[in-house]
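The block underneath contains the structure these notes are about, expressed in structure tokens.
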Amino acid sequence: MIYDASVKAGVDLKQVQIDIKGNNISVTLPKAEIQDITIDPGSLEFYDEKFALFNFQDREDTVEALQYAKEDITEHVENTDLLKTAEERAKTVITGLINSMWKEEKEQPEISFKTSGVSKTEEAPAEH
């Protein structure tokens, strides 16, 4: 089966924790997650329709095919850099926001990030 899909991933900013100690800011992010999967039902195709598991004249089979496609995408996203890219973009946005609110332009804060549930050895400093 082949299909066109769109996947959105990101970090839930409501779960971000920030700890400020002087000029040092520690930001704890939740892990990036898939936020939305959209599959174009009109794009569903089979390589050989006579061996297809689904009858697209039957509405229930179409719904089942779309669910199978979502499960397939969810499995394959973990083999891509999509979630890592979402976490890096969240760090960039948060760093920009913090730097824009910092009053002392000469002394930008030292920002460090960690992901909740990840050991401290996996912390990565933010770029300024």
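Keep in mind it's a predicted model, so treat the numbers as computed, not measured.
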- Step by step, work out the side chain to side chain contact (heavy atoms under 4.5 Å, CB included) result for Glu33 and Asp12. CA-CA 8 Å; Glu33 298 176 338; Asp12 183 356; 5.9 Å; no
- Query: Where do Ile94 and Leu13 land on the side chain to side chain contact (heavy atoms under 4.5 Å, CB included) test, with the steps shown first?
  - Reply: CA-CA 9 Å; Ile94 291 170; Leu13 295 178; 4.1 Å; yes
- Task: Step by step, work out the side chain to side chain contact (heavy atoms under 4.5 Å, CB included) result for Ile111 and Asn99.
- Result: CA-CA 9 Å; Ile111 305 171; Asn99 284 334; 3.9 Å; yes
- Query: Which is it for Ile73 and Ile39 under the side chain to side chain contact (heavy atoms under 4.5 Å, CB included) test, yes or no, and what are the steps along the way?
  - Reply: CA-CA 10 Å; Ile73 290 171; Ile39 298 169; 4.1 Å; yes
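No chain of hydrophobic side-chain contacts below 4.5 Å, direct or via other Ile, Leu, Val, Met, Phe, Trp or Tyr residues, connects Val93 to Ile18. Hydrophobic clustering (side-chain heavy atoms under 4.5 Å, transitive across Ile, Leu, Val, Met, Phe, Trp, Tyr) keeps Val27 apart from Leu97.
In this structure, the side chains of Lys91 and Glu88 come closer than 4.5 Å at one or more pairs of heavy atoms. For the pair Val16/Pro30, a side-chain contact is recorded, criterion being any heavy-atom separation below 4.5 Å from C-beta on.
Rounding to the nearest 0.5 Å places CG of Asp36 at 7.0 Å from OG of Ser6. The distance from atom CG of Asn24 to atom CG of Asp19, rounded to the nearest 0.5 Å, is 9.5 Å. Taking CD of Gln108 as the start and CD1 of Ile25 as the end, the distance is 9.5 Å to the nearest 0.5 Å.
Listed here is the closest heavy atom pair of Ala69 and Tyr3: O-OH, 3.4 Å.
Counting only distance, with no hydrogens or angles, the side chain of Gln17 and the backbone of Thr28 share no donor-acceptor pair below 3.5 Å.
A salt bridge is defined here as a Lys NZ or Arg NE, NH1 or NH2 lying under 4.0 Å from an Asp or Glu carboxylate O, and Glu87 with Lys84 fails to meet this definition.
If you run side chain to side chain contact (heavy atoms under 4.5 Å, CB included) between Ile37 and each of Thr74, Leu66, Val77, only Thr74 comes through.
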